[in-house]
Amino acid sequence: MRAEPSSVLEEQSRLTLFCVTKTNTYPVNIQWLFEGNILQEEDSDALYIEKLNRNQFGEYSCRATNRVGAGQANINITVRYKPYLQDFESHPQSFEAVINHPTPVEIMIQSFPRPKCAWTRNNGGKLASIKVTEIRPDVFAISSTVMLQKESQFGMYEIRARNPYGSLDIKINLVSLIVSIRPLNINCNVSSTIELQCFLNLNASSNWTSMWLHSIKGNKLEERTGITLGNKSTLTINFCDFQDIGDYTCTWSSGIKIYSSTYPATVGVYGSPILSSQNVDLQRDDSLLLSVKFYSVPKPISIIWLENDKRLHLNRSSLMRTSIALKISETEVQFDGFSSNLLLEEPILYDSQFSCVVTNEYGYMDVLIDKRLLVGLIKDGNTITKIIQTSTLSKRNTSSLKPAGYTDEPTHTLTGMLTNDQIYIMICGVVLVILFIVMTVFIKNQIRINQVHKRTDQQPVVPLVALNYQEREKSSDVSDLPQRNIENPEYEEIQFIPFEVETEDYLTPEHDSSKSGSDSSIERQYLELDHDSSKSGSDSSIERQYLELDPPHTYEEISLSRRDLQVYSTCEDILE
């Protein structure tokens with residue numbers, strides 16, 4: 001790695017970091033890290049910082065990866081800047097002072113390099129020398145003592161901290177109150193014990209009771225009772241944790257009068273990071289964003305994301321300051337905290353477990369991402385996430401895996417891949433449509449067949465032999481004849497059944513003139529056709545169907561007919 005123009009720069013300077021790699025295997029992926037945390041910059045061999053600030057002081061790393069392995073180089077960047085108050089320090093700072101009692105004063109500042117401090121303003125009190133204690137290379141504690149001898153010495157004092165790059169004037173306000181608290185600022189390491197003392201500065205302090213009110217940013221949380229001895233009340237906080245963070249106001253009451261401290265005591269807790277919330281969001285570019293919000297005093301020094309307990313190197317994470325919510329005494333309170341995000345751009349295992357490990361000087365927090373947050377995004381309306389159901393994934397070729405029912409591209413539109421449920425519904429729909437078509441065709445065919453049978457039953461069947469006796473009438477039409485195969489006529493052998501003819505079966509005009517009024521007689525002919533060999537195995541025969549010709553054929557007495565009678569042997573003769 002190489003830094004230009006230098007690895008030691010002043011604040012607001014421009015910095016460029018170059019990552020030089022050498023390999024014979026391509027492609028090569030470049031990734032940038034700051035204090036072990038992956039940066040959000042583009043995948044490039046150069047990192048540009050236009051205006052360097054004091055919070056960008058520390059170690060930068062360049063990690064180069066190809067399919068064979070990975071290499072990494074580090075460089076320390078030093079930012080020189082003038083002194084600043086720590087983020088949680090107020091300006092000015094107030095301290096309660098008691099006449100003829102030393103009042104300790106302590107302030108935390110950031111500076112690089114180490115500053116020098118001196119008193120620049122004195123309101124008449126006795127001032128002790130100033131001590132500069134290094135907490136970290138860029139954090140220092142400025143402490144001293146002031147003793148007041150009379151009432152007029154209360155008021156504003158000032159300390160100036162200076163280094164080669166600038167100076168900071170620190171204002172200190174010494175106040176006198178009827179009710180005073182010591183100390184006004186105190187930090188408690190987690191699981192330890194601290195005490196707050198409240199004094200009633202009155203000559204007659206008997207029959208007074210005290211009460212402590214715990215609040216955070218003006219939100220009242222609970223009241224606590226201290227131990228009262230004379231004009232002093234002591235509040236003991238045992239086994240402190242983040243629920244003890246906040247301001248403590250002391251109140252004295254006699255039943256007639258009430259006095260409260262103007263400046264509350266502020267309690268901070270140093271401990272391992274505390275989880276506030278976690279979330280999983282589906283981004284517009286079809287990637288997943290895992291986020292964890294947490295409270296950490298002091299600020300975190302390392303954040304690691306893991307998948308199935310293996311550290312992730314090929315995904316992007318970030319760290320930023322944000323507002324978080326913590327529940328204290330059944331009340332949700334807003335704090336200044338941190339947020340870390342992990343961007344997943346490639347498909348992930350369905351059964352993958354993701355963890356975020358945040359470390360500060362007092363411990364670490366290990367957060368397991370709730371599986372329900374990931375599973376809840378597998379099906380969100382018509383949206384499918386990039387979670388897939390496969391047992392193995394290669395390091396860089398995960399995008400080529402496409403297990404059944406899941407896809408590495410979410411189906412926001414109709415052109416995307418379908419899920420198992422959607423495919424099953426489509427198959428069922430196609431089968432139902434096919435069945436409906438088949439049933440429709442079958443029913444139509446049945447109806448058509450029934451209609452054909454019905455028409456066939458209604459049409460008269462005229463045996464060929466009967467045509468030999470049919471009269472040729474002038475009004476007859478060839479189209480009324482049954483359709484036959486004229487070119488290849490079929491002949492059926494007819495077996496006549498002998499029967500006796502009685503005279504009365506033939507009616508002449510002399511016999512009955514009342515029926516038709518004509519000189520012709522009408523007779524219905526019934527032909528008994530074929531024999532069925534299936535009856536009783538004997539020579540008995542089954543009568544063929546008797547077909548009633550409609551209109552019935554008429555026969556006249558040959559001796560009385562004036563019409564010509566011709567005999568036809570085939571249908572061709574008829575047509576001719």
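Keep in mind the model is a prediction, meaning the values are calculated, not measured. For the numbers below, each heavy atom of this structure counts, side chains included, while hydrogens, waters and symmetry mates do not.
Between the side chain of W32 and the backbone N or O of S44 there is at least one donor-acceptor pair closer than 3.5 Å. Between the side chain of H214 and the backbone N or O of T249, no donor-acceptor pair lies under 3.5 Å. Under the 3.5 Å distance criterion, the side-chain polar atoms of N37 are matched with a main-chain donor or acceptor of I303. Within the 3.5 Å criterion, the main-chain N or O of T266 finds no donor-acceptor partner in the side chain of N185. Remark: side-chain polar atoms of S260 are not paired, donor with acceptor, to backbone N or O of T251 under 3.5 angstrom. Of the possible polar contacts, none joining the E59 side chain to the E35 backbone as a donor-acceptor pair under 3.5 Å is found. One N or O on the side chain of D244 and one on the backbone of D241 form a donor-acceptor pair closer than 3.5 Å. Without hydrogens or angle criteria, Q278 side chain to D370 main chain gives a donor-acceptor distance under 3.5 Å. Checked by atom type and distance alone, the side chain of R114 pairs as donor or acceptor with a backbone atom of V132 at under 3.5 Å. Between the Y26 side chain and the T23 main chain, a donor and an acceptor come within less than 3.5 Å of each other.
Applying the salt bridge (charged side-chain N to carboxylate O under 4.0 Å, His left out) test to K310 and every residue at least two apart in sequence or in another chain returns nothing.
The salt bridge (charged side-chain N to carboxylate O under 4.0 Å, His left out) with D169 is formed by just one residue from the set R160, R121, K82; it is R160.
In this model, no donor atom of one side chain and acceptor atom of the other lie less than 3.5 Å apart for N76 and N74. In this structure, a donor-acceptor pair under 3.5 Å is absent between the side chains of T65 and N29. Inspection of the N66 and T25 side chains reveals no N or O donor paired with an N or O acceptor under 3.5 Å. The closest side-chain donor-acceptor pair between W212 and S233 falls under 3.5 angstrom. Side-chain atoms of Q72 and R63 include a donor-acceptor pair closer than 3.5 Å.
Contact check on E10 versus R80 returns no salt bridge, with no Lys/Arg side-chain nitrogen under 4.0 Å from an Asp/Glu carboxylate oxygen. Between R2 and E4 there is a salt bridge, since at least one side-chain N of the basic residue sits less than 4.0 Å from a carboxylate O of the acidic one. Salt-bridge formation is detected for the pair E361/R136: a Lys NZ or Arg NE/NH1/NH2 atom is positioned less than 4.0 Å from an Asp or Glu carboxylate oxygen.
Counting heavy atoms from C-beta outward, I216 and F335 have side chains that approach closer than 4.5 Å. The side-chain heavy atoms of D138 and R54, taken from C-beta on, include no pair separated by under 4.5 Å. The shortest distance between side-chain heavy atoms of T322 and F338 does not fall below 4.5 Å. The shortest side-chain heavy-atom distance between F57 and T78 falls under the 4.5 Å cut-off. At least one side-chain heavy atom of F354 sits less than 4.5 Å from a side-chain heavy atom of L290. Under the 4.5 Å side-chain criterion, counting only non-hydrogen atoms from C-beta, M365 is not in contact with V357. Contact of the T145 side chain with the V105 side chain is not registered, since no non-hydrogen atoms from C-beta on lie closer than 4.5 Å.
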(message) Please evaluate residues I194 and V267 with respect to the criterion side-chain contact (heavy atoms from CB on, under 4.5 Å), reporting the C-alpha separation (whole Å), side-chain torsions for both, the decisive distance (0.1 Å), and the verdict.
(response) CA-CA 9 Å; I194 60 172; V267 175; 3.7 Å; yes
(message) Between F112 and Y81, is the ring-ring contact (aromatic ring centres under 6.0 Å, His included) condition met? List the steps.
(response) CA-CA 6 Å; F112 193 86; Y81 56 91; 7.1 Å; no
(request) Go through the steps to decide whether L39 and L47 satisfy the test side-chain contact (heavy atoms from CB on, under 4.5 Å), and finish with yes or no. (result) CA-CA 10 Å; L39 297 175; L47 177 64; 3.9 Å; yes
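Residues M1 and C62 approach most closely at SD-N, 3.5 Å, considering heavy atoms.
Between the OG atom in S272 and the CG atom in D366 there is a gap of 11.5 Å [rounded to 0.5 Å]. Atom OG of residue S352 and atom CD of residue E307 lie 4.0 Å apart, to the nearest 0.5 angstrom.
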